[in-house]
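Structure record follows, encoded as structure tokens.
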Amino acid sequence: MNAKTYKHKKTGKLYWVITDNFMFKQDGKWLEELVLYQALYPNPDGMYFARTKEDFEENFEKVK
């Protein structure tokens with residue numbers, strides 16, 4: 001995956017994948033291989049989100 005537009009399968013809302021190699025540290029341990037993505041609409045919950053690659057691939061589809 002690279003910087004592409006994806007659609008959430010249930011809501012149809014659009015997102016832009018920033019990276020599929022995101023990581024962050026929690027409780028002294030690195031969580032790796034996450035997908036960092038950005039909402040392409042005004043979202044009151046925030047602009048940026050992260051999921052595991054498995055979860056992302058299950059819930060989003062690439063926009064052609």
For residues 39-50, run the donor-acceptor check on the side chains, cut-off 3.5 Å, and write out each pair with its distance to 0.1 Å, sequence neighbours left out.
{"unit_1": "Tyr41", "atom_1": "OH", "unit_2": "Tyr15", "atom_2": "OH", "d": "2.7"}
{"unit_1": "Tyr41", "atom_1": "OH", "unit_2": "Asn43", "atom_2": "ND2", "d": "3.0"}
{"unit_1": "Asn43", "atom_1": "OD1", "unit_2": "Asp45", "atom_2": "N", "d": "2.9"}

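- The two atoms that bring Lys9 and Glu57 nearest to each other are NZ-O, 3.8 Å, heavy atoms only.
- Between atom CD of residue Glu54 and atom CG of residue Asn59 there is a gap of 10.5 Å, rounded to the nearest 0.5 Å.
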Report the C-alpha distance between Tyr6 and Trp16 in whole Å, list the side-chain angles of each, state the deciding distance to 0.1 Å, and finish with yes or no for side-chain contact (heavy atoms from CB on, under 4.5 Å).
CA-CA 6 Å; Tyr6 284 78; Trp16 186 67; over 6 Å; no

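- A distance-only check finds no donor-acceptor pair linking the side chain of Asp55 to the backbone of Arg51 [under 3.5 Å].
- Residues meeting the salt bridge (charged side-chain N to carboxylate O under 4.0 Å, His left out) test with Lys7, sequence neighbours left out: Glu61.
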Let me have the donor-acceptor pairs involving side chains of residues 21-36, under 3.5 Å, with sequence neighbours excluded, atom names and distances please.
none

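- Taken to the nearest 0.5 Å, the CG atom of Leu14 stands 10.5 Å off from the CZ atom of Phe60.
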